[in-house]
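What follows is a single structure, written as structure tokens, with notes after it.
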Amino acid sequence: LAVFEWIPNYSLTVMADPPGAGTITMNGTPLTLNWTDQVIGDVNYAFTTAPTAVQYEFDYWTLNNHALAPDEFSTSVNFTLTADDTLVAVYRTIPYYPLTVLVEPAGAGTVAMDGTLLALPHTEVLLAEQTHTFATDPTSIWSIFSHWEADGHVITPDELAADIELTFLEQDTLVAVYTVIPPSPIT
């Protein structure tokens with residue numbers, strides 16, 4: 001006589017919110033989100049989430065029918081599945097925008113951002129509402145700094161200062177504009 005023990009299976013859905021904000025592994029195996037499957041019940045499952053980009057920050061997990069250990073705010077959690085459920089890793093979107101830094105004409109000057117000399121042209125994705133310092137210097141005695149240009153930002157103290165601050169609020173291009181005086185030949 002064969003005796004079989006019934007093993008319960010439950011439907012489990014796993015997703016990130018907003019979609020694409022995070023990756024999730026189940027017992028170390030990466031899941032393709034949104035993931036749904038029938039899984040063996042009465043088993044402890046471990047989940048870990050990580051953001052897919054700098055503009056996402058993990059906030060908390062939601063789970064309808066189970067308690068998470070150690071808690072819903074940990075990036076790594078586990079629970080024993082005893083009923084159908086949906087696990088969601090909820091992310092906050094942090095505003096980041098690209099900033100491109102140029103010198104016109106090219107090669108007439110250098111630009112440092114927050115004390116670091118940039119290789120120009122330079123594009124970087126920056127956290128919004130952060131203040132950065134910029135300084136420009138001529139590359140020769142024939143280059144004279146004229147002004148800064150930025151489409152969507154207020155330049156402090158003003159666009160004529162070689163050393164400025166910029167509180168980053170949106171995508172923009174910052175340009176250090178120079179006047180280049182052609183050298184006169186000595187005769």
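Position 1 is the first residue of the sequence, and the numbers go up from there.
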I'd like to know whether Ile40 forms a side chain to side chain contact (heavy atoms under 4.5 Å, CB included) with Asn9, so could you lay out the CA-CA distance, the side-chain angles of the two residues, the decisive distance to 0.1 Å, and finally the verdict. CA-CA 4 Å; Ile40 298 172; Asn9 286 301; 3.8 Å; yes
Would you check if the side chain of Asp151 reaches a backbone N or O of Asp172 as a donor-acceptor pair within less than 3.5 Å? no
Atom CG in Leu120, atom OG1 in Thr110: separation rounded to 0.5 Å? 7.5 Å
Side chains of Thr75 and Thr49: donor-acceptor distance under 3.5 Å anywhere? no
With no hydrogens and no angle check, do the side chains of Gln130 and His132 hold a donor and an acceptor under 3.5 Å apart? no
Just checking Ile94: does its CD1 atom have more than 12 heavy atoms from other residues, nucleotides or ligands closer to it than 6.0 angstrom? yes
Go through the steps to decide whether Tyr10 and Val43 satisfy the test side chain to side chain contact (heavy atoms under 4.5 Å, CB included), and finish with yes or no. CA-CA 11 Å; Tyr10 300 105; Val43 172; over 6 Å; no
Restricting to ring-ring contact (aromatic ring centres under 6.0 Å, His included), what partner residues turn up for Phe145, sequence neighbours left out? Trp148, Tyr178
Inspect the surroundings of CD in Gln38 and state if more than 12 heavy atoms from other residues, nucleotides or ligands are less than 6.0 Å away. yes
Assess the side chains of Thr82 and His66: does a donor N or O sit below 3.5 Å from an acceptor N or O? yes
May I ask you to test the Trp61-Ile24 pair for a side-chain heavy-atom distance under 4.5 Å? yes
Are Val39 and Met26 side-chain neighbours, meaning at least one heavy-atom pair lies under 4.5 Å? yes
Within the structure provided, determine whether Tyr45 and Asn78 are in side-chain contact (heavy-atom separation under 4.5 Å). no
Ignoring hydrogens and angles, tell me if any N or O in the side chain of Tyr91 forms a donor-acceptor pair with the backbone of Pro19 under 3.5 Å. no
Calculate, to the nearest 0.5 Å, the distance between atoms CZ and OG belonging to Phe58 and Ser74 respectively. 7.5 Å
